[in-house]
Amino acid sequence: MMMLMTSMLGCAACSSDGASKEAADVSANDDVPTDFQIQYTTAVPSEFFQTASQQGTIELVEYESKDYTSASRPMTHKPAYVYVPYGYDPSQKYDVIYLLHGWTGVAQEYFLGRSGNSRTGLVNIFDNLIQRGLCRPFIAVSPTWDKDNRSKDWGESTREAAVFSQEYVNDLIPAVETRYSTYLTEATPEGILASRAHRAIGGFSLGSITTWYVFEQAFAYSRMYLPMSGDNWSQGMYGGAYYPDATAKFLADLVNASNYKNDFYVWYAVGTEDVRIDQTHNQALAMAKLTGTFNSSNFSYHMKEGGRHDFNAVWEFCYHALQFFFPPTNTETMTNYYNRQTHISDVMNDPTFGDYGRLIFPVNTGYWSGTTLEQLQLTWYNYIDPDKTVEVCNYLRAHADNCFIDIYTEAEKQANPELRNTGLFFFRGNSNAPFAICNAGGGFSYVGAMHDSFPHTLELSKLGYNAFALIYRPGDAYEDLARAIAYICDHADELGVSRTGYSLWGGSAGARMAATLGNSANLRSLTGRTDLPQASAVIMQYTGYTTVSPYDGPTYACCGTNDGIASWRTMQSRPESLSALGIPTEFHSYSGLPHGFGLGTGTVAEGWLQDAVHFWQSQSGATAIRSAKANTRQQDSVYSLNGIRRNTMQRGINIVDRKKVMTK
């Protein structure tokens, strides 16, 4: 059925009077802001097309309207099909979205197919979005702009679409929103305006063009707009393709003249192989240039890679847009959404994250394994804590709107696509507190962030520090870390972090990165700048890095005595050499631990992070946050390396509570 419907829409939604396919490219348009991004959608998970256990119902609402194409306004009797969510409660209020079909379409086909006798994949998506807590319950309406709900020739259809905004405000909204429990309190223009924040309208193909007519002629009455594969024709048919700048200016002017110029959102979308890409793409880029009106607070542009002019694209766009328009209001649902049995692929493909979800786990899939969060394994790592993995994933989802930061511009990423595999995950602490950048290891082959940097940044944020986990290119790791330091320092006020007193953290390969950029000479060389402050502390785990320089920063280092990759003796030698240069150091080794123990939860190393933070605080003099307590578990005995008991710790290596501790 899906294949048949796709084929039907692919033919029916096109006209023979099409514009030529001459879509502009972002990189080729110098006027488009460098930070403007096309957001590529991900496929709807297959399980969302399955029948949910909690199913909404489809109801027919019939109402009286007029033929607005005729000066005499003869009466018409119209159908609208309404999706009512499972558990609909008249004592609760519901948001509403109106979805408009394409050319030759009919009112029932979005929800019941063209024949009107079977639920479509879109209805299953609605049910699953609500049941899984990805959307708060909403009402969806599928009407028709045809005066008698039947296919017409192109000319008559476009005339009817051009005047649908009058029916939308005068007849359709009152008929639907007074029948159901919505935010409309009275069926008047004033009442519709008062409830606009809870109303969205969207459409596909000619339905998208109709959506733009509504935007143009009745902008104030809906807060959210979802035009898919179609443009505004205020400047002429296919104005988005032929007159994109004039079209965008027209739209900007009408927005700026409205009392609601700061309270709307356009979620614009098209497939990369859509026959209507020229209309949509050119208009989107022209709108993006008018940053005084259309910006990230009210406008986004989305593409389905390989998407065509069919229902597959419509379903995918609705799947993503509805989560944006109607996010869940239950914070508990958001923060405890994942569990040990959650599939890793479900996290990566969660539309809440957009395109960056794929960066949460290593891009190079050859270095990790496991199906669920509980089963995650990473090459060269031990003691992976599944509960911490779940906690990290839930934190990222709860803060999805502001947890990921691009450190390279869209123009740079288009010039070098590998830069799309970079970015910072931001775990926020207290306002204007110092920051830390944590770099996971992975042998410069992959980035093991889920065990080797995400847990660290999460714990640092709990202490009040602003912590960033860097996702870098293994072959250009130092370049990416240099860019990250510069980016954070340059945007410190915007990010709400202190520019000075920061620290660099890393494990294994990430520790080499931290040590290298913690060196002031290297920092200048790799960034090409002299105005960036040096890190106040470098925190290193399990690496055999031995290079020493007077320009190195204060260093805390730790490892396990059974590390077959980074010998604790080799690692100890570097702090000794740094100390001889007068650079503050602290070294810890942990009896019996192998390489890659991460936070060391449940091992003799548990609590090392507090020790490292205490060292950082002693170097930076940070007072803006809650001080971390040093790791002061009961210490019954102190021994030398040869087993001789001591009353106090002495210079050199001491065995304290089965851990090796070096004092200077």
Side-chain angles (χ1 to χ4, degrees), residues 23-42 268 272 281-282 284-291 294-297 299-303 305 353-360 362-364 400-426 435 437-440 442 444-447 449 453 468-495 497 499 502 504 509-510 513 516-517 522-532:
D25 183 78
V26 173
S27 61
N29 194 322
D30 295 335
D31 294 330
V32 175
T34 57
D35 59 351
F36 174 71
Q37 295 185 22
I38 298 172
Q39 301 181 35
Y40 289 88
T41 58
T42 56
Y268 206 4
T272 60
H281 192 68
N282 292 358
L285 297 188
M287 292 174 69
K289 291 189 291 186
L290 304 179
T291 55
F294 302 110
N295 49 60
S296 59
S297 69
F299 176 76
S300 56
Y301 178 39
H302 308 259
M303 276 188 165
E305 189 69 51
F353 298 123
D355 183 56
Y356 69 80
R358 62 188 182 81
L359 301 179
I360 296 174
V363 173
N364 191 330
D401 288 344
N402 56 16
C403 74
F404 184 76
I405 299 170
D406 277 309
I407 57 176
Y408 293 103
T409 66
E410 181 61 25
E412 289 173 315
K413 287 185 286 186
Q414 289 193 15
N416 182 2
E418 288 187 0
L419 295 177
R420 296 191 185 281
N421 295 331
T422 66
L424 289 168
F425 284 89
F426 189 7
F435 69 87
I437 302 178
C438 297
N439 308 281
F444 293 113
S445 297
Y446 79 104
V447 182
S453 63
F468 300 86
L470 175 64
I471 306 300
Y472 57 88
R473 295 165 296 162
D476 297 282
Y478 299 104
E479 177 184 336
D480 291 340
L481 178 54
R483 181 59 170 260
I485 295 170
Y487 182 95
I488 296 170
C489 288
D490 290 344
H491 296 82
D493 292 340
E494 173 187 337
L495 295 170
V497 306
R499 193 173 185 269
Y502 70 91
L504 297 176
M513 294 164 59
T516 299
L517 271 296
N522 291 335
L523 179 66
R524 288 194 298 271
S525 174
L526 288 166
T527 63
R529 293 172 56 171
T530 59
D531 62 315
L532 298 176

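All values derive from a computational prediction rather than experimental measurement. Quick note: residue numbers are just sequence positions, from 1.
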Item to check | Asn295 side-chain N/O to Ser297 backbone N/O, donor-acceptor pair under 3.5 Å | outcome: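 Yes.
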
Checklist entry - Can you check whether Ala440's main-chain N or O pairs, donor with acceptor, with Tyr472's side chain at less than 3.5 Å? => result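 Checking the backbone N and O of Ala440 against the side chain of Tyr472, a donor-acceptor pair under 3.5 Å is found.
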
Next on the checklist: If you count heavy atoms of other groups shown closer than 6.0 angstrom to CG of Asn402, is the number above 12?
Outcome noted: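 Atom CG in Asn402 is packed in, count exceeds 12.
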
Item to check | Pair Lys413-Asp406, side-chain contact (heavy atoms from CB on, under 4.5 Å): steps then yes or no | outcome: CA-CA 10 Å; Lys413 287 185 286 186; Asp406 277 309; 3.2 Å; yes

Next on the checklist: I'd like to know whether Val363 forms a side-chain contact (heavy atoms from CB on, under 4.5 Å) with Val447, so could you lay out the CA-CA distance, the side-chain angles of the two residues, the decisive distance to 0.1 Å, and finally the verdict.
Outcome noted: CA-CA 8 Å; Val363 173; Val447 182; over 6 Å; no

Under the side chain to side chain donor-acceptor pair (under 3.5 Å) rule, collect the residues that match up with [X], sequence neighbours excluded.
X: Asn416; result: none
X: Thr530; result: none
X: Tyr446; result: none
X: Asn522; result: none

Checklist entry - Minimum heavy-atom separation for Arg420 to Arg358, with atom names? => result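 That would be O-NH2, 2.9 Å.
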
Checklist entry - Which heavy atom of Phe468 sits nearest a heavy atom of Leu424, and at what distance? => result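 Nearest pair, atom of Phe468 first, then Leu424: CB-CD2, 3.9 Å.
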
Nearest 0.5 angstrom please: [X] [atom1] to [Y] [atom2], how far?
X: Thr409; Y: Gln37; atom1: OG1; atom2: CD; answer: 9.0 Å
X: Phe299; Y: Met287; atom1: CZ; atom2: CE; answer: 4.5 Å
X: Ser296; Y: Phe36; atom1: OG; atom2: CZ; answer: 10.5 Å
X: Asp531; Y: Cys489; atom1: CG; atom2: SG; answer: 8.0 Å
X: Tyr301; Y: His281; atom1: OH; atom2: NE2; answer: 5.0 Å
X: Leu359; Y: Asn421; atom1: CG; atom2: CG; answer: 6.0 Å

Would you say that [X] contacts [Y] through its side chain, given a criterion of any heavy-atom pair below 4.5 Å between the two side chains?
X: Phe426; Y: Val497; value: yes
X: Ile485; Y: Thr527; value: no
X: Ile407; Y: Thr422; value: yes
X: Leu532; Y: Arg499; value: yes
X: Arg529; Y: Asp490; value: yes

Item to check | Residue pair Leu495, Ile405: steps toward the side-chain contact (heavy atoms from CB on, under 4.5 Å) verdict | outcome: CA-CA 10 Å; Leu495 295 170; Ile405 299 170; 3.7 Å; yes

Checklist entry - Sequence neighbours excluded, which residues qualify as ring-ring contact (aromatic ring centres under 6.0 Å, His included) partners of Tyr478? => result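 So Tyr478 forms a ring-ring contact (aromatic ring centres under 6.0 Å, His included) with Phe444.
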
Next on the checklist: Enumerate the salt bridge (Lys or Arg N to Asp or Glu O under 4.0 Å) contacts for residues 472-487, please, sequence neighbours excluded, ordered by first and then second residue.
Outcome noted: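 Sorted pair list: Glu412-Arg483, Arg473-Asp476, Arg473-Glu479, Arg473-Asp480.
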
Checklist entry - What do the steps show when you test Tyr356 against Cys403 for side-chain contact (heavy atoms from CB on, under 4.5 Å), and what is the final call? => result CA-CA 10 Å; Tyr356 69 80; Cys403 74; 3.4 Å; yes

Next on the checklist: For Tyr487 together with Tyr408, are the ring centres under 6.0 Å from each other?
Outcome noted: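 They do not qualify: ring centres at least 6.0 Å apart.
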
